[in-house]
Amino acid sequence: MEMNTDENTLHQLEDELHTRIYPGTEIMSDVGSVHFISDHSRVLVPQPSADPHDPLNWSPFWKASAMGLATAVSFAQGFGPLALAPMFPQLMEAYDASLAEVVQFTGVCILVLGFSNFFWVPIQTAFGRRPVLIFSTLVCLVSNIWRAEAKTYGSYMGACVLNGFGAGPAETAQPQITADVMFLHERGAWNTLYFTFYFGSLMVGPIVAGPMTEHVGWRSFWWLNVGLLGIVLILLIFLFPETKWHRQHPRELLRQSIDAGNPIALDDKATATTIEQRDGEKQTPNNTLTQTPTAQRDPHLHHGTPSKQQFKLFQPNSHPLRAIILDLWIPIKLHIYPIIEFAAFVVSWSASSFLTINLTQSQAFSAPPYNYSAQTVGFFNFAILVGAIIGLFSNGWLSDWFAARLTKRNRGVREPEMRLPTLLPYVLIMLLGNFVVAFGCQYKWRWEIIVLIGYTCAGIQVAAIPAIATTYAVDSYKPVAGSIMVTITVNKNVWGYGFSKFITPWVEEAGFVPPIMLNMCLIFLWCSFGLVFYIFGKRLRGLTAKSSVHEM
């Protein structure tokens, strides 16, 4: 649970509700004599502290600033790496390279991007989100200057590698920041926003790169990236406060009270004095279990502001090496957790459905009978973008609404699995899109059918399916949200790199249908396990309920 509920109260809740409460299970309404901090009659999960600097207490302005800039980083860092498709012919000419060779500019960047998070996420855990966003954006800025100036194939490949390294946080930082700043009932919409803007940047990149390549040269596109990243970097420095905030686990409170020689009952933790956090910050324990009105228990809810400490370049940590080592090990360990492995495979193959379009659009539409220009091929990505926007507005609302309805029917008890049924409509949309793209490109259908139906469906599913799967995993193992994103990203990008290696020659040899249909079948296979997890997911969470990952 994220409620920071002590063991005695937890057992009381289980007795009254006649259910087992495992990590990930949340109580969304008052139960008997147990009362929680609420907002408009909605129980807040996690429970905020009474500290005005707690990110959960921040005013709407500061929450919007943090989430807006996290979204801007996801967009700006993702804008360039997959924008090369419309400029492949020009890159082939500039570097005297084959199509397969220039496709590797994208493939290598994707591979490095995934593994770079073994560097960024430990730093994020040890020293905070703020330094990671600032320094990664600076690395991306430098790499885009290099891309614009590279004169040889090897030099340009080096710029792609550096760009991939710098862009890692685009895939891992925002879900963690969302968990830092937003309450549980808000996360479905915000995680969908993240996936929409991140994948949206991958869609908008080719739209902009195509006409710029044709009219002002492909190098100008990278200078545009430099300007965009520069603006984001300045805003981060002045308007993005640190969101990392340690919320103590009940066992941690118990150990502290025993070590201090004052073994108070955990029921009385709400009246305890301010407790020193692991990373050197102060935090007032949550006053969650009394009938005192919310305004008295947390007078700073919706009115809090960041402290000066939260605007420092990094946050002090008394055990940084330990934090870094743990974050290097935990993403590997998480592969044995079925829920996280499910999310990793669903996200990986859903994203590869979009990657298929990105890597094959020039191959399909620059050749006869279409013979379209780089600008036209780039503009086709508008359909994917429109689809992503549809996915944003439909899934964010649908996921949270559906989970809320099931929670109400379940007497106020929310299970992470309640989001999974909303996968169904988007899986059907994914199947339709892949069929249209594969057979349309193979048999040279009218471009309107391929683009308006196939590409739009690809955009809808890539905004929705990864958001549902990722939110499910993070809700189940929230303390290691950053490590979950590393596990997912590495899995996704290793497959993406492999796919980029073989899809071009495979299409040249066998046509569009075999690789795209195989990829579609794998997406359907992994998503179909959603039914298994809907039925047995809580039992699987029970098997890992005592794991140390819940105390990170």
Side-chain angles (χ1 to χ4, degrees), residues 1-6 8-10 13 26-70 128-130 177-187 189-190 239-250 252-253 256-257 264-312 315 412 414 478:
M1 293 181 69
E2 293 187 58
M3 299 295 294
N4 296 332
T5 305
D6 61 77
N8 293 336
T9 304
L10 185 62
L13 291 169
E26 302 296 346
I27 310 302
M28 305 300 291
S29 62
D30 293 337
V31 178
S33 61
V34 181
H35 293 257
F36 300 99
I37 294 176
S38 303
D39 184 31
H40 302 296
S41 301
R42 189 198 301 269
V43 168
L44 299 178
V45 180
Q47 293 276 274
S49 70
D51 193 315
H53 306 312
D54 183 344
L56 291 176
N57 283 330
W58 284 353
S59 67
F61 171 81
W62 283 110
K63 285 197 173 190
S65 179
M67 294 307 303
L69 283 172
R129 326 314 184 201
R130 178 173 161 85
I177 294 167
T178 299
D180 291 341
V181 175
M182 294 296 167
F183 295 105
L184 177 66
H185 67 274
E186 302 169 316
R187 290 181 195 160
W190 284 102
L239 290 173
F240 185 84
E242 181 55 61
T243 65
K244 181 174 180 285
W245 187 269
H246 176 57
R247 304 188 188 283
Q248 291 181 307
H249 192 278
E252 195 177 343
L253 291 167
Q256 287 185 346
S257 65
I264 59 172
L266 283 177
D267 297 69
D268 300 325
K269 75 177 189 294
T271 60
T273 56
T274 299
I275 297 170
E276 192 76 20
Q277 292 192 68
R278 277 188 308 205
D279 54 7
E281 296 177 353
K282 296 280 189 179
Q283 179 182 354
T284 304
N286 297 329
N287 193 356
T288 61
L289 306 179
T290 71
Q291 298 187 49
T292 309
T294 292
Q296 295 181 32
R297 282 179 284 156
D298 187 10
H300 303 291
L301 184 64
H302 305 314
H303 302 290
T305 57
S307 65
K308 291 182 179 179
Q309 171 75 20
Q310 288 168 309
F311 275 100
K312 289 187 174 181
Q315 302 300 304
R414 173 171 289 190
K478 189 262 176 184

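- Contact check for Trp190 versus Val181: no side-chain heavy atoms found under the 4.5 Å cut-off.
- Heavy atoms only, all atoms of each residue included: Met182 and Arg187 are closest at O-NE, 3.4 Å.
- Contact detail for Trp62 and Gly304: the closest heavy-atom pair is CD1-O, 4.4 Å.
- In terms of modelled atom types and a separation under 3.5 Å, the side chain of Asp54 and the main chain of Ser49 share a donor-acceptor contact.
- Taking 4.5 Å as the limit, every side-chain heavy atom of Trp245 sits out of range of all side-chain heavy atoms of Asn57.
- Here CD of Gln315 is found 6.5 Å from CD of Gln310. Values are rounded to the nearest 0.5 Å.
- Applying the salt bridge (charged side-chain N to carboxylate O under 4.0 Å, His left out) test to Arg129 and every residue at least two apart in sequence or in another chain returns Asp180.
- Annotation: side chain of Met67 is in contact with side chain of Thr178 (closest heavy-atom distance under 4.5 Å).
- The two residues Ala66 and Phe240 make their nearest non-hydrogen contact at O-CE1, 3.5 Å.
- Between the CZ atom in Arg130 and the OG1 atom in Thr243 there is a gap of 11.0 Å [rounded to 0.5 Å].
- The backbone N or O of His303 sits nowhere less than 3.5 Å from a side-chain atom of Trp58 that would complete a donor-acceptor pair.
- The closest side-chain heavy-atom distance from Lys312 to Glu242 is not below 4.5 Å.
- Under the 4.5 Å side-chain criterion, counting only non-hydrogen atoms from C-beta, Leu44 is in contact with Leu301.
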